[in-house]
A.B. asks: 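First the structure, then my questions, so here it is.
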Amino acid sequence: MEVKFKGTPAKLSANTIKSGDNAPKVKLTAKDLSQVEVGGASGSYQIINVVPSLDTGVCATQTRKFNEEAAKLANAKVYVVSLDLPFAQGRFCSTEGIDNLTTLSDFSTKDFGKAYGLILESSPLAGLLTRAVIVVNPEGKVSYVEVCEEITNEPDYQKALASIK
């Protein structure tokens, strides 16, 4: 899959996960340094927002928007995954009042980025995760994937949310 950063093509490290695939189980680091597993069967929907860094305007907007929507969802867990350090994620959540979703970091192993095919190999953001939204159904199957064609653009929030209703 090809994505672009400010109009310039950027290559992803592997084939991106697709709708209908089994969502790989991956452990990520929460802001309190505990390990949280995403993917696989969990008995509820998982909305996994993937952002390059919470330290950018679009990533912060995406996280705030899903934080608002998460408050309205009874049957879903909402995550934001980046390579930001857990401490920075915690500070961001405190500053922004983010408390309806869980921020998770893939900084130590990049296992999530590898398993889901979302690590940028080229562009000024090489090594970071690209912008995406993945929805995993309660049985552990990927039911929705959006990898933003232009990394600097926000995802289609309504399509992602509609996939769990």
Side-chain angles (χ1 to χ4, degrees), residues 1 3 16-107 111-113 115-118 125 128-165:
M1 166 169 280
V3 297
T16 303
I17 196 147
K18 294 176 181 44
S19 191
D21 289 350
N22 288 321
K25 289 183 182 183
V26 180
K27 288 187 179 179
L28 296 161
T29 306
K31 61 187 176 184
D32 65 0
L33 301 181
S34 65
Q35 296 292 296
V36 175
E37 188 173 79
V38 299
S42 69
S44 63
Y45 282 93
Q46 300 170 62
I47 300 174
I48 306 170
N49 295 290
V50 186
V51 298
S53 174
L54 293 173
D55 236 0
T56 68
V58 177
C59 297
T61 298
Q62 181 176 341
T63 302
R64 284 191 295 268
K65 180 68 174 173
F66 274 109
N67 183 62
E68 284 175 30
E69 294 299 332
K72 304 172 192 171
L73 300 173
N75 62 336
K77 295 175 184 167
V78 182
Y79 304 102
V80 174
V81 177
S82 72
L83 289 173
D84 294 303
L85 292 177
F87 314 111
Q89 291 177 333
R91 186 173 53 252
F92 173 83
C93 290
S94 294
T95 302
E96 297 288 331
I98 304 291
D99 54 10
N100 297 317
L101 53 78
T102 303
T103 55
L104 299 171
S105 180
D106 195 22
F107 83 99
D111 285 347
F112 176 84
Y116 285 76
L118 298 172
L125 301 180
L128 293 177
L129 298 170
T130 195
R131 183 174 319 285
V133 178
I134 298 162
V135 177
V136 179
N137 73 18
E139 293 77 37
K141 293 270 189 199
V142 175
S143 60
Y144 177 84
V145 176
E146 178 186 5
V147 176
C148 295
E149 190 174 310
E150 171 56 58
I151 298 167
T152 60
N153 291 345
E154 294 175 57
D156 187 329
Y157 303 108
Q158 294 313 310
K159 276 188 182 177
L161 293 166
S163 74
I164 67 168
K165 294 180 180 175

A.B. asks: Please step through side-chain contact (heavy atoms from CB on, under 4.5 Å) for the pair Leu125 and Ile151, ending with a clear verdict.
C.D. replies: CA-CA 10 Å; Leu125 301 180; Ile151 298 167; 4.0 Å; yes

A.B. asks: Kindly compute the distance separating CG (Leu118) from CG (Asp106), expressed to the nearest 0.5 Å.
C.D. replies: 9.5 Å

A.B. asks: What is the minimum heavy-atom distance between Val145 and Ser19, and which atoms define it?
C.D. replies: CG2-N, 3.9 Å

A.B. asks: Apply side-chain contact (heavy atoms from CB on, under 4.5 Å) to residues Ile164 and Leu73 and explain how you reach the verdict.
C.D. replies: CA-CA 9 Å; Ile164 67 168; Leu73 300 173; 3.7 Å; yes

A.B. asks: Can you tell me how far apart CD (Gln158) and NZ (Lys65) are? Round to the nearest 0.5 Å.
C.D. replies: 6.0 Å

A.B. asks: As a quick check of understanding, evaluate side-chain contact (heavy atoms from CB on, under 4.5 Å) for Phe112 and Val38, giving each step before the final call.
C.D. replies: CA-CA 9 Å; Phe112 176 84; Val38 299; 4.1 Å; yes

A.B. asks: Using a 4.5 Å cut-off on heavy atoms from C-beta on, say whether the side chain of Leu161 contacts that of Phe66.
C.D. replies: yes

A.B. asks: Within the structure provided, determine whether Gln62 and Val133 are in side-chain contact (heavy-atom separation under 4.5 Å).
C.D. replies: yes

A.B. asks: I need the minimum non-hydrogen distance between Gly40 and Val136, along with the two atoms involved.
C.D. replies: O-CG1, 4.0 Å

A.B. asks: Kindly give the heavy-atom pair with the smallest separation between Pro24 and Ile17, and that separation in Å.
C.D. replies: CD-CD1, 3.3 Å

A.B. asks: From Gln89 CD over to Thr102 OG1, what is the distance, rounded to the nearest 0.5 angstrom?
C.D. replies: 10.5 Å

A.B. asks: Please report the shortest heavy-atom distance between Gly39 and Tyr116, naming the atom on each side.
C.D. replies: CA-OH, 3.6 Å

A.B. asks: Within the structure provided, determine whether Gln35 and Leu28 are in side-chain contact (heavy-atom separation under 4.5 Å).
C.D. replies: no

A.B. asks: When you measure from the side chain of Thr16 to the backbone of Gly117, do you find a donor-acceptor pair of N or O atoms at a distance under 3.5 Å?
C.D. replies: yes

A.B. asks: Hey, does Val142 have a side-chain heavy atom less than 4.5 Å from the side chain of Ile134?
C.D. replies: yes

A.B. asks: I want to check something: taking the side chain as every heavy atom from C-beta on, are Tyr79 and Val36 in contact at a cut-off of under 4.5 Å?
C.D. replies: yes

A.B. asks: Ignoring hydrogens, what is the shortest heavy-atom contact between Ala160 and Ser163? Give both atom names and the distance.
C.D. replies: O-OG, 2.6 Å

A.B. asks: Without hydrogens or angle criteria, can the side chains of Ser53 and Asp55 be said to hold a donor-acceptor pair below 3.5 Å?
C.D. replies: no

A.B. asks: Could you check whether any side-chain N or O of Ser94 sits under 3.5 Å from a backbone N or O of Gly90, counting only pairs where one atom can act as donor and the other as acceptor?
C.D. replies: yes

A.B. asks: So, the side chain of Arg131 versus the backbone of Asn153: is there a donor-acceptor pair under 3.5 Å, distance only?
C.D. replies: yes

A.B. asks: With side chains defined as the heavy atoms from C-beta onward, is the minimum distance between Val51 and Val81 less than 4.5 Å?
C.D. replies: no

A.B. asks: Which value, rounded to the nearest 0.5 Å, describes the distance between Ser143 atom OG and Asp21 atom CG?
C.D. replies: 11.5 Å

A.B. asks: Roughly how far, to the nearest 0.5 Å, is the CG atom of Leu129 from the OG atom of Ser82?
C.D. replies: 7.5 Å

A.B. asks: Could you give the distance from CG (Leu101) to CD (Glu68), rounded to the nearest 0.5 Å?
C.D. replies: 11.0 Å

A.B. asks: Verify the neighbour count for atom CZ of Arg64: are there more than 12 heavy atoms of other residues, nucleotides or ligands below 6.0 Å?
C.D. replies: yes

A.B. asks: Would you mind reporting whether Lys77 and Tyr45 have side-chain heavy atoms less than 4.5 Å apart?
C.D. replies: no

A.B. asks: Flag yes if more than 12 heavy atoms outside Glu96 fall under 6.0 Å of its CD atom; otherwise flag no.
C.D. replies: yes

A.B. asks: Any side-chain to backbone donor/acceptor pair from Asp111 onto Val26? Under 3.5 Å, distance only.
C.D. replies: no

A.B. asks: Give the C-alpha distance, both sets of side-chain angles, the deciding distance and a yes or no for side-chain contact (heavy atoms from CB on, under 4.5 Å) between Asp156 and Glu146.
C.D. replies: CA-CA 8 Å; Asp156 187 329; Glu146 178 186 5; 3.7 Å; yes

A.B. asks: Do Asp84 and Phe92 have side chains that approach each other closer than 4.5 Å (heavy atoms only, starting at C-beta)?
C.D. replies: no

A.B. asks: Check each of Ile47, Thr63, Asn100 against Val78 using the side chain to side chain contact (heavy atoms under 4.5 Å, CB included) test, and report the only one that passes.
C.D. replies: Ile47

